[in-house]
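In this chain, numbering begins with 1 at the start of the sequence shown. Values below: every heavy atom of this structure, side chains too, minus hydrogens, waters and symmetry copies.
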Amino acid sequence: MALLSFKHASKIIYCIASVSSFAPHRSYASTAARASLKMTATATSSAPLTLEEHSAAYKELLDKLRTITHLNHASSVLNYDRSVFMSSSERTSLARGKQLAVLATIAHEKATDPQLGKLIDQATADLQQLSSTCPNDPTNNEDLTTAKRILELEKRSFTKSTCIPVELAAHKASLEASAYSAWVKARETDDFASFAPSLKDCFDTAKKIAELQRGDNKDIGLYSQMLDEFEMGMPEERIDALFQEVQDALVPFIAKIRGSENAPSLEPLKGSFPIDAQKSVSQKIVKAIGFDESHGRIDVSVHPFTMSLSNADVRITSRFSESEWYQGLAGSVHEAGHAMYEQHLGDSDLGLDSALSMGVHESQSLFWERHVGLSRPFYRWARPILTEAFGKDDKFDYSAEEIYNAVNGVDFENNLIRVEADELNYPLHVILRYNIERAVVAGELDVNDIPAEWNKSMKEFFAIDVPNDTKGCLQDIHWSCLAIGYFPTYLLGSMMAAQLSHYCKKDLPEFDNLIEKGEFTPIREWLTEKVHKHGKRYASLDDLLVAEVGEKLNSKYFIDYLTEKYSDLYKI
């Protein structure tokens, strides 16, 4: 489950195939398999060495992994159809559930087959043997370097999955269903106490899984292990430092903004905006910025999401309201950012060519939503499109500057709910949740005390009194789904987007002019070169940034972006 939320209550689900497996792992050491390594290359050969040519185990492993990928893509097709096109009748839903269950069972059996673990071990041994025959440094052989990374990723995934006992996996699956129901009921009745026992079970179960997955490596904190599930290679100590820098900068700055008498007018957002006109605007804009509709679709759903059925078929949805046009456009641009990442990943059908992390994925959607779609030059370009769609009888006769001011205005009255928060206040919503879940995992905060801690933090961060738990600690679905460690990825993605924007502008000094002219291809190609094409070739978000822009994640760019932008908007 990949559930993300962002400004103006939009929710995004982007689906990257993953398979949980719980079979025991046994090493592979048969003589016959070792004999399968055909070392035809010699020390004097000038032809590049490829592991797939010389290791039958590696070739078989890749075939099995691709089969699992295709099964998961088939499930994604059924899921997309269910979310967008399918009848919502109980009978139809039941039939689709059976179809999905069959595919999931087959994929699970293939992913948990002990033979998969044996092939990983044998292929790793074959790689070591082949590397020793290289006439030069084997790290200079791109195929062997790629093969090494593939085997590292698959070993990591297989080991993490197979360490979970069947009984615990079954409990987790059952708990996800029961906890979700308990959360929905508690939210409807504003009754946190009724949800607390299920929530405690969610935290306890997530901790048990994390303990098993970290194994004997007690140097890794339990919460860091949970974070690794969503943001590979970014432990809590690293995130602590980044988030503290953001919190220290934004809390006093937001207080200054709140006291400004120069708030921009939100008038351009108000009115009546035909849904068909909004759909047309969104389609024109997302295609202009680079979404390839010839290898995807644009549809409407209850909640905006992106689903990848392969890099050749990536689909996005949005939702629209007649009373406000920006929410639908922002959702569409955000999803297009996710989708362009998926469309420009490699086509190996292996985990190597999937998104590096949730934070990196969010950086791509937020780059386009914020650093392009909330910029002044964007509305100089987009104003004619908006005016043509909404401006009949002079109903939408606003300047580009007036539109820019309106879409960036801060509504301090609507900061109770994370998904309705503006980009200035949103980071503190993430930090609040990060602090709470980390404290619960560490045993420093009892689940029953979450409401009080939540309300205290809301007062400190936003000067807001939380009226009830429904609008407080019961507003998010994540904990009821055992997605503990997920929230930080939203803010990591925000920071990375700002950092990428900084370096993109250095490499493309005409960045603003390109946007104003509607020439987005150089920007999209820059992102593909720096982020998209690498997939999981780097070990972490930090490693990717060091390699591609020269420094690890740095909160400075994000803080500077927000303070400079809103100081200008609010004239402080």
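For R214 and D228, the salt-bridge test fails: no basic side-chain N is under 4.0 Å from an acidic carboxylate O. Taking the charged nitrogens against the carboxylate oxygens, D299 and R315 have no contact shorter than 4.0 Å, which rules out a salt bridge. Salt bridge absent: K59 and E52 never bring a charged side-chain N and a carboxylate O closer than 4.0 Å. Between D204 and K200, at least one side-chain nitrogen of the basic residue sits less than 4.0 Å from a carboxylate oxygen of the acidic one, meeting the salt-bridge criterion. Look at E176 and K172 and you find a salt bridge, because one of the NZ, NE, NH1 or NH2 atoms lies within 4.0 Å of a carboxylate O, short of that distance. A salt bridge between K533 and E529 is present, with a side-chain N of the basic residue lying under 4.0 Å from a carboxylate O of the acidic one.
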Checklist entry - Under the side-chain hydrogen bond (donor to acceptor under 3.5 Å, both in side chains) criterion, do R82 and S88 qualify, and how do the steps go? => result CA-CA 8 Å; R82 179 172 63 175; S88 59; over 6 Å; no
Checklist entry - Do D121 and K155 pass the salt bridge (Lys or Arg N to Asp or Glu O under 4.0 Å) test, and can you show the C-alpha distance, the side-chain angles, and the key distance before you say yes or no? => result CA-CA 8 Å; D121 288 344; K155 178 71 171 181; 3.0 Å; yes
Checklist entry - Under the side-chain contact (heavy atoms from CB on, under 4.5 Å) criterion, do L356 and M232 qualify, and how do the steps go? => result CA-CA 8 Å; L356 175 58; M232 185 169 58; 3.5 Å; yes
Next on the checklist: Pair Q283, E293 - check side-chain hydrogen bond (donor to acceptor under 3.5 Å, both in side chains), show working.
Outcome noted: CA-CA 9 Å; Q283 185 175 39; E293 197 176 10; 3.0 Å; yes
Next on the checklist: One pair to check against side-chain contact (heavy atoms from CB on, under 4.5 Å): L500 and W526. What are the steps and the verdict?
Outcome noted: CA-CA 10 Å; L500 289 172; W526 187 92; 4.0 Å; yes
Next on the checklist: Assess the residue pair D353 and S348 against the criterion (side-chain hydrogen bond (donor to acceptor under 3.5 Å, both in side chains)); give the C-alpha distance rounded to whole Å, side-chain angles, the decisive distance to 0.1 Å, and a yes or no.
Outcome noted: CA-CA 6 Å; D353 284 319; S348 68; 2.6 Å; yes
Checklist entry - Under the side-chain hydrogen bond (donor to acceptor under 3.5 Å, both in side chains) criterion, do T92 and S89 qualify, and how do the steps go? => result CA-CA 5 Å; T92 304; S89 74; 2.7 Å; yes
Next on the checklist: Evaluate F243 against L492 for side-chain contact (heavy atoms from CB on, under 4.5 Å), listing each step before the verdict.
Outcome noted: CA-CA 9 Å; F243 282 15; L492 293 173; 4.1 Å; yes
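Atom NZ of K148 has 12 or fewer heavy atoms from other residues, nucleotides or ligands within 6.0 Å. Shown here is K208, whose NZ atom has no more than 12 heavy atoms of other residues, nucleotides or ligands within 6.0 Å. Within a 6.0 Å radius of CD in Q99, more than 12 heavy atoms belonging to other residues, nucleotides or ligands are found. Within a 6.0 Å radius of OH in Y180, no more than 12 heavy atoms belonging to other residues, nucleotides or ligands are found.
No side-chain heavy atom of S198 sits less than 4.5 Å from a side-chain heavy atom of W183. Side chains of S282 and S318 form no contact here, defined as non-hydrogen atoms less than 4.5 Å apart. Looking at heavy atoms from C-beta onward, L151 lies in side-chain contact with L61 at the 4.5 angstrom threshold. When side chains are defined from C-beta on, L212 counts as touching L168, because their heavy atoms get closer than 4.5 Å. Inter-residue side-chain proximity for I106 and K110 is flagged as met; some heavy-atom pair is nearer than 4.5 Å. Within the 4.5 Å cutoff, no side-chain heavy atoms of R524 are placed close to those of F291. No side-chain heavy atom of Y426 sits under 4.5 Å from any side-chain heavy atom of I431. Counting heavy atoms from C-beta on, the side chains of Q115 and K118 come closer than 4.5 Å.
In this structure, the side chain of E362 does not engage the main chain of T489 through any donor-acceptor pair within 3.5 Å. With S332 contributing its side chain and G328 its backbone, the two residues share a donor-acceptor pair below 3.5 Å. The backbone N or O of Q327 sits less than 3.5 Å from a side-chain atom of E324, completing a donor-acceptor pair. Judged by distance alone, the side chain of T306 and the main-chain N or O of E335 form a donor-acceptor pair under 3.5 Å. Although no hydrogens or angles enter the test, the distance criterion places a donor-acceptor pair under 3.5 Å between the side chain of N468 and the main chain of K471. Looking at T205, its side chain does come within 3.5 Å of a backbone N or O of D201 through a donor-acceptor pair. A donor-acceptor pair under 3.5 Å is formed between the side chain of D190 and the backbone N or O of D469. Of the possible polar contacts, one joining the K536 side chain to the A355 backbone as a donor-acceptor pair under 3.5 Å is found. Side chain of E229 to backbone of G485: no donor-acceptor contact under 3.5 angstrom is found. Judged by distance alone, with hydrogens and angles left aside, the side-chain atoms of W368 form no donor-acceptor pair with the main-chain N or O of I289 at under 3.5 Å.
Using cut-offs of 30° and 60° for the angle between ring planes, the F390 and W325 rings count as tilted. Using bins of under 30°, 30° to 60° and over 60° for the plane-to-plane angle, the ring pair F192/F195 lands in the perpendicular bin.
Among S308, S354, S310, the single residue meeting the side-chain hydrogen bond (donor to acceptor under 3.5 Å, both in side chains) criterion with E342 is S308. For the side chain to side chain contact (heavy atoms under 4.5 Å, CB included) criterion with Q364, the lone passing option out of H532, H338, M340, H344 is H532. A ring-ring contact (aromatic ring centres under 6.0 Å, His included) with Y223 is found for one member of F487, Y434, F203 and no other, namely Y434.
The CG atom of L553 lies 9.5 Å from the OG atom of S363; values are rounded to the nearest 0.5 Å. Here CD1 of I477 is found 5.0 Å from OG of S480. Values are rounded to the nearest 0.5 Å. If you take OG on S76 and NE2 on H70, they are separated by 12.5 Å, rounding to the nearest 0.5 Å. Between E154 atom CD and L119 atom CG the span is 11.5 Å, to the nearest 0.5 Å. Rounding to the nearest 0.5 angstrom, the gap separating the NZ atom in K160 from the CD1 atom in I209 is 10.5 Å. Between atom CD1 of residue I523 and atom OG1 of residue T528 there is a gap of 12.0 Å, rounded to the nearest 0.5 Å.
Under the rule for a salt bridge (charged side-chain N to carboxylate O under 4.0 Å, His left out), K185 has no partner lying at least two apart in sequence or in another chain. For the side-chain contact (heavy atoms from CB on, under 4.5 Å) test, residues two or more places apart in sequence or in another chain that qualify with V77 are L309. Residues passing the salt bridge (charged side-chain N to carboxylate O under 4.0 Å, His left out) test with E152, sequence neighbours excluded: R149.
No donor-acceptor contact under 3.5 angstrom links the side chains of S540 and D542, judged on distance only.
For F273 and F320, the ring centers sit 6.0 Å or farther from each other.
Across every non-hydrogen atom of A107 and N72, the tightest pair is CB-OD1, 4.1 Å. In terms of heavy-atom proximity, L100 sits nearest to S75 at CD2-O, 3.6 Å.
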